[in-house]
There are 2 protein chains.
Amino acid sequence: MASDKRLPSQQLKSEIIRSIRTALLELGRATKAELCQRLQYSFPTISKFLMQMEEAGEVTISGLDESSGGRRAIRYAYNPNYRLGMAIFLEKNETNYTIYNCIGEVIKEGNLPSILEEDVSTLVSLIEDEKKTNPKIQSVAIGVPGAVKHGKIFLIPGYEKYQNLNLKRCIEDQLSIPTIVENDMNAAVIGYMTQKNLKENISLMYLYLGKNGPGAGIAVNGEIVRGKTFFSGEVQFIPQYDNRNFIEALTGDHGGSSMQSDYKVDAISRLVATITSILNPHYIIFCEDELAPALLNQIAECSATYVPKEHLPELAVSDLKCDYLIGLQSLGLGLLVSQQID
Amino acid sequence: MASDKRLPSQQLKSEIIRSIRTALLELGRATKAELCQRLQYSFPTISKFLMQMEEAGEVTISGLDESSGGRRAIRYAYNPNYRLGMAIFLEKNETNYTIYNCIGEVIKEGNLPSILEEDVSTLVSLIEDEKKTNPKIQSVAIGVPGAVKHGKIFLIPGYEKYQNLNLKRCIEDQLSIPTIVENDMNAAVIGYMTQKNLKENISLMYLYLGKNGPGAGIAVNGEIVRGKTFFSGEVQFIPQYDNRNFIEALTGDHGGSSMQSDYKVDAISRLVATITSILNPHYIIFCEDELAPALLNQIAECSATYVPKEHLPELAVSDLKCDYLIGLQSLGLGLLVSQQID
DNA sequence: CTGACTTATTAAACGCGTTTAATAAGTCAG
DNA sequence: CTGACTTATTAAACGCGTTTAATAAGTCAG
């Protein structure tokens, strides 16, 4: 076990810095008085850390406030380019990555063939090279099509090189950059929550129907659900009809007369009703390229035949790719914001 | 908004006391050195608080350790009767309550007719009277057959006197005893986790089949799931067959030939498979008076026809009444342990 | 039964965030 | 343009947990 003997005072210091950073990023600009009001630390404490951060170039003075009857207050702004993050999407067919700053602006985008079947060193080199040309990169967030817990990839069918690899530790040990690894659908869930600014204690399911079978990312009480064997969200197996589970109902042969989309709507509605009965989440999100907005109403109506209407979640469509990106960036930003002051 | 301007130092102090109490209750007896090893506070700090607690009678010296080569260490024990808790079960047909100490020993049991249809003052008087004869009672935990959030009863069909009542605030304001209110099934979930000493990040469902329809308490990542409209766990609505949901499958007419328990087993197995596909929990618990142990194996086997076996949760039976009690006691103990020192 | 050695406990000095007092830098009426 | 009044900032004193040094209370070989 590593020496995690972090003194309470050290911990407190880190927490103060972290909270100043997030407050400044959220507010855009703030005075010392506003920060100590919001963060419940004393003026001298805020003042001390803000001075250090200004000296390091992490915050800048953006001007003086108008006087409200007395001495004019100094207004501070966070320097969004002080540190950068790198988000990497490892996919079957390609590898995308972005370099972004603390307010989510993308500085650079990159695209490569898939490296999932190659040795991990390929990925390490990619990061190392980008870090060389851009030394401000201080966090890496990697999305993978597999089950991840605490940075270790427990299950990633078809890619032996990554199976059972602690990718987080691997990169942190070799490159000394704080790293986070997350499953793709879970990152999308995090991205959606970030984007909609959903507070904690929100529950939602993000459903991806897919060509090769559906999958879902789920958050309960604001936290990602992983499950005992990383099987959570594998909704394809849910028994829905006498002889068909969800994937069979979605794709199977139904011998006949009904409209092609009717049985799909019923299957999805049954899933919505099931999730509602179990988790009663606030939202269920579908991929906008998989589901015509008109179908949402049909699904809502049909779900209400199974479950009292007032308990149904809000149904919405969203851009999975975009949420995935925002999720990874948000995870990476969390690392940036927690880092020690230089 | 109340004056929640609690100084960081005050907060830290409370946290130190809380952690000493839980450590001492968990360990039974401990030396100062063991406590500061475990809790990561310095020796002088532990020493100071332990002295205060000893003066107050909250901890006692249980003797000296054998020497391990030097001065013999003093071993301290928590006084389990220093403070007591009261757990109250409000039910349709009766009202039960227990008074218990910090190690869960029941000091007194009481039984009354149901008071759910009476005015809340009946409940307040009950607590007040017990508190008079036993002033050591410093926490109240109340279990109700309804949906609760932060002490407020949002939904309790059939009992208007309690509907939309903030029972926690009501009792705390009138009697100045820290109070917690929780739903019955959720309390059972908490009780089961406490009893089995399950760490955080565990997920489980506690299923009650019931005479008037099934219901479930669910914990995900160690936290109770309440849902957007307190509807979570209402598994009776889950569509399971072409024309039957869970409650219909459990109770309905199946026209004939199959054994009475066969369709029940299939319906429950489908529920197990569904929960597994969505949450992949570690445990699903049934009530031991509702399900013969032999059925568990049948359910496990049948579930495996819907979902790969390795992902199934551990299925177990337990005593609901007992778990409910332990859950309430555990919640009340949490209050006791968080209280300020006298 | 003494002195070298352990280990537990107490006492003094320190570090750091908070509280409170002092100072700096504005506004505005007359 | 001065003085009463605001508001922001800085400086000094304080509180409390930690670190480090000193002391207390044992063991054990010879």
Side-chain angles (χ1 to χ4, degrees), chain A residues 3-21 23-24 27 29-55 59-77 340-341, chain B residues 3-21 23-24 27 29-55 59-77 340-341:
Chain A
S3 160
D4 56 323
K5 198 191 179 182
R6 193 173 293 175
L7 338 173
S9 56
Q10 213 20 298
Q11 254 179 55
L12 180 55
K13 186 176 164 178
S14 301
E15 173 54 26
I16 293 171
I17 294 173
R18 207 194 52 71
S19 70
I20 292 179
R21 283 175 178 149
L24 229 34
L27 296 169
R29 304 154 70 247
T31 65
K32 288 176 177 175
E34 285 167 9
L35 288 174
C36 68
Q37 161 82 28
R38 182 188 175 104
L39 303 178
Q40 295 288 302
Y41 293 109
S42 70
F43 196 98
T45 299
I46 297 288
S47 201
K48 173 185 154 191
F49 285 103
L50 220 45
M51 208 184 71
Q52 284 177 27
M53 291 163 91
E54 201 210 323
E55 277 168 8
V59 306
T60 53
I61 293 176
S62 84
L64 294 175
D65 270 20
E66 289 305 292
S67 170
S68 57
R71 177 169 170 177
R72 299 168 68 189
I74 301 172
R75 192 157 283 275
Y76 294 86
Q340 289 207 294
I341 220 163
Chain B
S3 161
D4 57 324
K5 199 192 177 182
R6 193 173 294 175
L7 337 173
S9 55
Q10 210 24 295
Q11 254 180 52
L12 181 55
K13 186 176 162 176
S14 300
E15 173 54 25
I16 293 170
I17 294 173
R18 207 195 51 72
S19 70
I20 293 179
R21 283 175 178 148
L24 228 35
L27 296 171
R29 302 153 74 248
T31 65
K32 289 177 179 174
E34 284 167 9
L35 287 174
C36 67
Q37 160 83 29
R38 183 188 175 104
L39 303 177
Q40 296 288 301
Y41 293 109
S42 70
F43 196 99
T45 298
I46 297 288
S47 201
K48 173 184 155 192
F49 286 102
L50 219 45
M51 207 184 71
Q52 283 177 28
M53 292 163 91
E54 201 209 324
E55 277 168 10
V59 305
T60 53
I61 293 177
S62 85
L64 295 175
D65 268 21
E66 291 304 293
S67 169
S68 55
R71 179 170 168 176
R72 298 167 69 188
I74 301 173
R75 192 158 283 273
Y76 295 85
Q340 291 207 292
I341 221 163

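Letters go in sequence order (proteins before strands), and every chain restarts at 1. All heavy atoms count here, side chains included; hydrogens, waters and symmetry mates do not.
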Starting from P on D:dT19, measure out to CD1 on B:Ile46 and report it in whole angstrom.
13 Å

Is there a side-chain contact between A:Lys13 and the phosphate of C:dG17, meaning an N or O under 4.0 Å from OP1 or OP2?
no

A:Pro44, nearest nucleotide to its side chain (from C:dT18, D:dT18, D:dG17):
C:dT18

Please give the nucleotide sitting opposite C:dC16 as a Watson-Crick or G-U wobble pair, both distances under 3.5 Å, or none.
D:dG15

DNA chain C contacts among residues 65-72 of chain B, heavy-atom distance under 4.0 Å
B:Ser68, B:Gly69, B:Gly70, B:Arg71, B:Arg72

Spacing of CD1 belonging to B:Ile46 relative to SG belonging to B:Cys36, to within rounding of 0.5 Å
6.0 Å

State the pairing partner of D:dA29; accept Watson-Crick or G-U wobble contacts with both distances under 3.5 Å, and report none otherwise.
C:dT2

Check the distance between D:dT18's C1' and B:Leu39's CG and give it to me in whole angstrom.
15 Å

Taking atom P of D:dT18 as reference, at what distance in whole Å does atom CD of B:Gln37 sit?
14 Å

Kindly give the heavy-atom pair with the smallest separation between B:Val59 and B:Leu50, and that separation in Å.
CG2-O, 3.8 Å

Grab the CD-C1' distance between B:Gln40 and D:dG17 for me, whole Å please.
14 Å

What one should report as the nearest heavy-atom pair of A:Phe43 and A:Ala33 is CE1-N, 4.0 Å

How about A:Ile74 and A:Lys32: do any of their side-chain heavy atoms sit closer than 4.5 Å?
no

Calculate the interatomic distance between A:Tyr41 atom OH and C:dT19 atom C1'; express it in whole Å.
17 Å

Of the listed nucleotides (C:dT9, C:dT18, D:dG17), which one gets closest to any side-chain atom of B:Leu12?
D:dG17

Can you find a pair of side-chain heavy atoms, one from B:Leu35 and one from B:Leu24, that are under 4.5 Å apart?
yes

Hey, does the side chain of B:Lys32 come within less than 4.0 Å of C:dA8's phosphate (OP1/OP2), counting only N and O?
no

Without decimals, in angstroms, what is the distance between A:Met51 CE and D:dA8 C1'?
16 Å

Between atom NZ in B:Lys48 and atom C1' in D:dT18, what is the gap in whole Å?
12 Å

Candidates D:dG17, D:dA8, C:dT9 - which lies nearest the side chain of A:Ala73:
D:dA8

Between C:dT18 atom C1' and A:Phe49 atom CZ, what is the distance in whole Å?
13 Å

Let's test this: given Watson-Crick or G-U wobble pairing with both distances under 3.5 Å, identify the partner of D:dA21.
C:dT10

Base, sugar-phosphate or nothing for B:Ser47? Non-hydrogen atoms, less than 4.0 Å.
sugar-phosphate

Under the criterion side-chain hydrogen bond (donor to acceptor under 3.5 Å, both in side chains), which of B:Lys13, B:Gln11, B:Arg18 is the partner of B:Glu15?
B:Arg18

Using the rule side-chain hydrogen bond (donor to acceptor under 3.5 Å, both in side chains), only one of B:Thr60, B:Thr31, B:Asp65 pairs with B:Arg75; which is it?
B:Asp65

